[in-house]
Amino acid sequence: MGWVLIVVSLVVLWVASLCKILRGSSSPSRSLFLNTGGALPKRNVLLVVAHPDDESMFFSPTISYLTSRGHNLHVLCLSIGNADGKGDIRKEELLRACAILKVPLQQVKILDHPDLQDGFGRVWNHTLLAKIIEGEIISYGIDSIITFDNYGVSGHCNHRDVHYGVCKFLHDTSQGTIEAWELVSTNILRKYTGPLDIWLSILHAMQHSGEVMHCLLNERPQKSFLAMAQHSSQWVWFRKLFVAFSSYTYVNTLRKISCM
Ligand SMILES: *[C@@H]1O[C@H](CO)[C@@H](O)[C@H](O)[C@H]1NC(C)=O
């Protein structure tokens with residue numbers, strides 16, 4: 001009998017959490033992210049990821065937040081994800097996903113650099129990454145960067161190197177006005193709690209409130225699912241499960257990077 005009660009409670013909690021997300025009720029810091037209300041209401045934001053599908057699997061709450069508030073979002077994907085030889089297909093899939101996520105396609109750049117190839121055990125040169133990122137910042141007048149944290153959600157070395165590349169750029173740059181944010185990696189238990197994780201994320205962000213941490217709820221999780229579905233070559237049953245159960249489909253916690 002006990003387990004029935006547990007299952008029922010979990011289902012109720014799950015539905016309640018989903019309702020909260022879909023109703024769009026906000027956490028205290030949520031509406032303030034990148035919105036200082038001052039002279040610079042709209043930002044030029046650069047999202048830096050490692051592989052096609054990172055944007056939909058991990059960052060879709062952030063992307064939805066930014067595009068729905070009129071910020072100008074650029075996406076830099078540092079590889080075509082060619083570990084299985086499907087790079088050319090995956091590149092097209094990323095463009096289709098970005099169309100769903102309302103990122104203008106001319107603002108999506110996908111690199112295929114010989115030194116930055118997809119794969120475990122492939123070390124990406126942080127200096128090279130920093131140079132590439134700097135080029136984008138200058139070309140598009142970027143004032144805010146968003147990327148992985150030093151664990152990179154899944155611990156994938158390419159994700160982690162992207163983080164260190166951004167850090168290297170921040171460390172070396174003379175443009176002190178650029179702010180950078182990292183997607184906080186949650187532990188394995190929280191990672192698969194789906195919408196339930198919003199409560200922990202909100203609490204966590206409140207404890208570190210204001211300037212340094214923001215919790216963004218995904219107002220349109222259906223859209224994340226649809227965006228992920230554009231990555232047909234990756235859209236196998238376990239990824240469908242991942243997207244449904246992953247907390248990153250419902251909430252992103254962003255922390256200001258301070259790796260000076
Ligand atoms: C890393 O990239 C920089 C800049 O492109 C280059 O000067 C340096 O030699 C590279 N380091 C390694 C270990 O390949």
Side-chain angles (χ1 to χ4, degrees), residues 43-59 62-63 66 72-95 97-98 103-185 231 233-234 252 254-260:
R43 303 293 198 91
N44 289 328
V45 185
L46 180 67
L47 173 67
V48 190
V49 296
H51 315 113
D53 78 5
D54 290 347
E55 81 301 332
S56 305
M57 274 211 287
F58 309 127
F59 288 95
T62 301
I63 296 175
L66 294 170
N72 193 23
L73 179 63
H74 292 255
V75 174
L76 173 62
C77 182
L78 288 157
S79 81
I80 56 171
N82 204 25
D84 302 322
K86 289 185 184 158
D88 288 331
I89 298 170
R90 295 191 65 186
K91 217 168 126 177
E92 293 304 315
E93 292 169 350
L94 173 57
L95 293 174
C98 284
V103 181
L105 295 190
Q106 68 276 17
Q107 293 177 192
V108 181
K109 182 176 279 182
I110 310 160
L111 297 188
D112 185 15
H113 191 290
D115 295 336
L116 306 175
Q117 289 296 312
D118 174 20
F120 285 103
R122 297 263 196 161
V123 179
W124 288 4
N125 180 335
H126 301 167
T127 309
L128 174 62
L129 290 168
K131 271 193 179 169
I132 291 169
I133 292 161
E134 182 178 33
E136 294 299 297
I137 302 280
I138 293 170
S139 306
Y140 302 112
I142 299 295
D143 49 59
S144 317
I145 307 174
I146 297 172
T147 193
F148 292 108
D149 67 2
N150 64 5
Y151 185 69
V153 178
S154 58
H156 195 297
C157 56
N158 298 159
H159 300 176
R160 303 175 79 158
D161 281 335
V162 167
H163 170 84
Y164 290 118
V166 169
C167 281
K168 179 98 177 82
F169 162 74
L170 291 173
H171 183 265
D172 294 350
T173 185
S174 52
Q175 311 189 37
T177 55
I178 293 170
E179 53 183 70
W181 298 82
E182 61 188 11
L183 175 63
V184 175
S185 298
H231 294 277
S233 71
Q234 312 298 309
N252 279 169
L254 299 177
R255 180 170 50 210
K256 200 162 192 172
I257 300 182
S258 56
C259 42
M260 305 292 160

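Residues take their numbers from the sequence shown, with the count starting at 1. Whatever order the structure lists ligands and atoms in, that order sets their numbers, starting from 1.
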Can you see whether Asp118 engages Ser79 through a side-chain donor-acceptor pair at a distance of less than 3.5 angstrom?
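Side chains of Asp118 and Ser79: no pair found under 3.5 Å.
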Which residue, Leu47, Leu73, Ile146, Val45, forms the side chain to side chain contact (heavy atoms under 4.5 Å, CB included) with Thr62?
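Option passing the side chain to side chain contact (heavy atoms under 4.5 Å, CB included) with Thr62: Ile146.
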Distances only, to 0.1 Å: what are the N or O pairs between ligand 1 and the protein that fall under 3.5 Å?
residue	atom	partner	partner atom	Å
ligand 1	2 (O)	Asn125	OD1	3.3
ligand 1	2 (O)	Asn125	ND2	2.3
ligand 1	11 (N)	Asn125	ND2	2.8
ligand 1	14 (O)	Asn125	ND2	3.4

Tyr164: what forms a ring-ring contact (aromatic ring centres under 6.0 Å, His included) with it, not counting sequence neighbours?
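Only His126 meet the ring-ring contact (aromatic ring centres under 6.0 Å, His included) criterion with Tyr164.
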Applied to residues 130-149, the ring-ring contact (aromatic ring centres under 6.0 Å, His included) test, sequence neighbours excluded, yields Phe59-Phe148, His74-Tyr140, Phe148-His159
So with a 6.0 Å cut-off around CG of Asp88, is the heavy-atom count from everything else above 12?
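Open: at most 12 neighbouring heavy atoms sit under 6.0 Å from CG of Asp88.
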Residues that Glu134 engages under side-chain hydrogen bond (donor to acceptor under 3.5 Å, both in side chains), provided they are two or more places apart:
none
